[in-house]
**Q** 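First the structure, then my questions, so here it is.
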Protein chains: 2
Amino acid sequence: MSEQGSRAVGRAGAGRPGVPNATVARLPVYLRALHALADVGRTTVSSEALAEAAGVGSAKLRKDLSHLGSYGTRGVGYDVGELVHHISSTLGLGQRWSVVLVGVGNLGQALAGYGGFDDRGFRVAALVDADPARVGEVVAGLTVLPLQDLPRVVREQGVSIGVIATPATGAQDVCDRLVAAGVRSILNFAPAVLQVPPGVDVRRVDLSNELQILSFHEHRKAALADQVVSA
Amino acid sequence: MSEQGSRAVGRAGAGRPGVPNATVARLPVYLRALHALADVGRTTVSSEALAEAAGVGSAKLRKDLSHLGSYGTRGVGYDVGELVHHISSTLGLGQRWSVVLVGVGNLGQALAGYGGFDDRGFRVAALVDADPARVGEVVAGLTVLPLQDLPRVVREQGVSIGVIATPATGAQDVCDRLVAAGVRSILNFAPAVLQVPPGVDVRRVDLSNELQILSFHEHRKAALADQVVSA
DNA sequence: ACGCGCTTGTGAACGCGCGCACAAAGTCGG
DNA sequence: CCGACTTTGTGCGCGCGTTCACAAGCGCGT
């Protein structure tokens, strides 16, 4: 996110009161839990049960849902189908977003083959790679295109989201090209901090970072255990 | 993280004042930026410059670093090498952590082959998969082991971190087995919320979630643009 | 028709984290 | 040795997000 701490406030008139950022980050989790419930045949669910499935407190869940309107029934709970609809709508999943994936190395190929994309509302429109040797290769049913084709692909396929799965070197270059081509939302798997103009959102997913954070906690737990032992 | 909002406070005596969680999450980013600076030959760096490279404000950076002691020199900046040392130490990267990777599907194989593990302090000690057909396969130089071997592998290899790269189905089972085997830190790539006993940390990395969050912002930007046009 | 029990929705307090702005502290030139 | 400049370290106020606790609302049984 381009450093906009503010909540996503909608203008008056239409009247969406604005959904806090922290809430938005949890909506996908709720959505998945709801789909799972629907698959099992449940039609209603209480905040308590849904919160349990999503791994959050029930009060937090209720407040989150309250930000997108009152769709629960007191004494009963929430209608699963209705809630799925409203959350999907809030997240903008009514339409199918087209995604361009840049970098077909180890990780890129895994992402291309991952079912998680098609899952709900996302379509991999094209694969792109900077390495001329890879261009023309067919991965997951798509032909790998050269970097130069980005503007055309974005335009013709109506791409609005870019996924960067390149090495850290060149990630910024790819990012610049994506932005220049008109992409305003980027998911970055490269271990690099990307500089983007205002209005462009970047979300970073960094494997190494996550491991190091775990390392910290593990380290702390180990130190704590030693202390207890020596006490 | 098992729902412990509190900061990682160290007991008196030894005197570590406790590092805020938000800070810990940023330390790996600083560390990477510092390594990049070191590679270019820089020996000192100002908070302003480092903050720029890490994509944060300089005040925030200084406050973060202050939590692990005063290692800067006023009027000069921070010594790159020294800072790398102290951050690494705080994160517990002094030792090499052994990691077991469960699930050698699309994503699992990509992770196994990813250089990001060996990068700094992490070693993939073993690969495990529930599918008997995959057991015995050699991936990234390691032979895939059956799920039953988890306890032995964890014990013999001193594994302390588990990575789950299985489908959502079975992720909880794998998680339980990891915990039973003694693993207290888990990185979960499966699209599922894992239930763990207290004392076990779980970090979730969910591709689909990230895309949906981007979708929300893209959706909002589109709505905003329409509004401007119609105004 | 009416009250009882269940569940939602929210008002209010709290705590964390962020950013500003400045004082403390060190360097460098003269 | 001193003064000016640079950069760190931090005290303080603010705003977001989480949590508690409860009142409002709805269904169901009688």
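Being a predicted model, the structure only gives us computed values, none of them experimental.
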**Q** Roughly, in whole Å, what's the span from CG in A:Asp64 to P in C:dT10?
**A** 13 Å

**Q** To the nearest angstrom, how far is B:Asn21 atom CG from C:dG15 atom C1'?
**A** 14 Å

**Q** Would you mind telling me which residue lines up with the more 5' stretch of DNA chain C, B:Arg62 or A:Gly69, judged by nearest nucleotide?
**A** A:Gly69

**Q** Rounded to whole Å, how long is the line connecting atom CG of B:Leu50 with atom C1' of D:dT8?
**A** 13 Å

**Q** What about A:Lys60, does its side chain sit under 3.5 Å from the base of D:dG17 through a donor-acceptor pair?
**A** no

**Q** Please state how far atom CD in B:Glu52 lies from atom P in D:dT7, giving the value in whole angstrom units.
**A** 15 Å

**Q** Can you tell me the distance, in whole Å, between the CD atom of A:Glu48 and the P atom of D:dC20?
**A** 12 Å

**Q** So, does A:Ser66 get its side chain near the phosphate of C:dG9, meaning an N or O under 4.0 Å from OP1 or OP2?
**A** no

**Q** Quick check: closest heavy atoms across B:Ala165 and B:Leu101, and the distance to 0.1 Å?
**A** CB-CD1, 4.2 Å

**Q** Could you please name the option among D:dG17, D:dT8, D:dT18 that lies closest to any side-chain atom of A:Pro20?
**A** D:dG17

**Q** Let me know the distance between CG of A:Leu68 and P of C:dT10, rounded to the nearest Å.
**A** 12 Å

**Q** Starting from P on D:dT8, measure out to CG on B:Asp79 and report it in whole angstrom.
**A** 13 Å

**Q** Is any NZ, NE, NH1 or NH2 atom of the basic residue among A:Lys60 and A:Asp64 found under 4.0 Å from an Asp or Glu carboxylate oxygen of the other?
**A** no

**Q** Ignoring backbone atoms, establish whether B:Tyr78 has a side-chain N or O less than 4.0 Å from OP1 or OP2 of D:dG9.
**A** yes

**Q** Side chain to side chain donor-acceptor pair (under 3.5 Å) between A:Ser160 and A:Trp97: does it pass, once the steps are laid out?
**A** CA-CA 7 Å; A:Ser160 44; A:Trp97 298 99; over 6 Å; no

**Q** Not counting sequence neighbours, which residues clear ring-ring contact (aromatic ring centres under 6.0 Å, His included) with A:His219? List them please.
**A** none

**Q** Please report the interatomic distance CG(A:Leu50) to OG1(A:Thr44), rounded to the nearest 0.5 Å.
**A** 11.5 Å

**Q** Look up atom CG in A:Leu34 and atom NE2 in A:His85, then write down how far apart they are to the nearest 0.5 Å.
**A** 13.5 Å

**Q** Identify each atom pair where a protein N or O and an N or O of nucleotides 27-30 of chain D are less than 3.5 Å apart, giving names and distance.
**A**
none

**Q** Quick one: side-chain hydrogen bond (donor to acceptor under 3.5 Å, both in side chains) partners of A:Glu218, sequence neighbours excluded?
**A** B:Arg184, B:Ser185

**Q** Nearest nucleotide by nearest heavy atom, which residue falls closer to the 5' end of DNA chain D, A:Lys63 or B:Val45?
**A** B:Val45

**Q** Using OP1 and OP2 only, check whether a side-chain N or O of A:Ser47 sits under 4.0 Å from C:dT8.
**A** yes

**Q** Remember a base hit wins even if backbone is also touched, and classify B:Gly57 as base, sugar-phosphate or nothing at under 4.0 Å, heavy atoms.
**A** nothing

**Q** Using whole Å, what does the distance between atom P of nucleotide C:dC20 and atom CG of B:Leu61 come to?
**A** 14 Å

**Q** Considering only side-chain heavy atoms of A:Ala59, which listed nucleotide, C:dG17, D:dT10, D:dC20, is closest?
**A** D:dC20

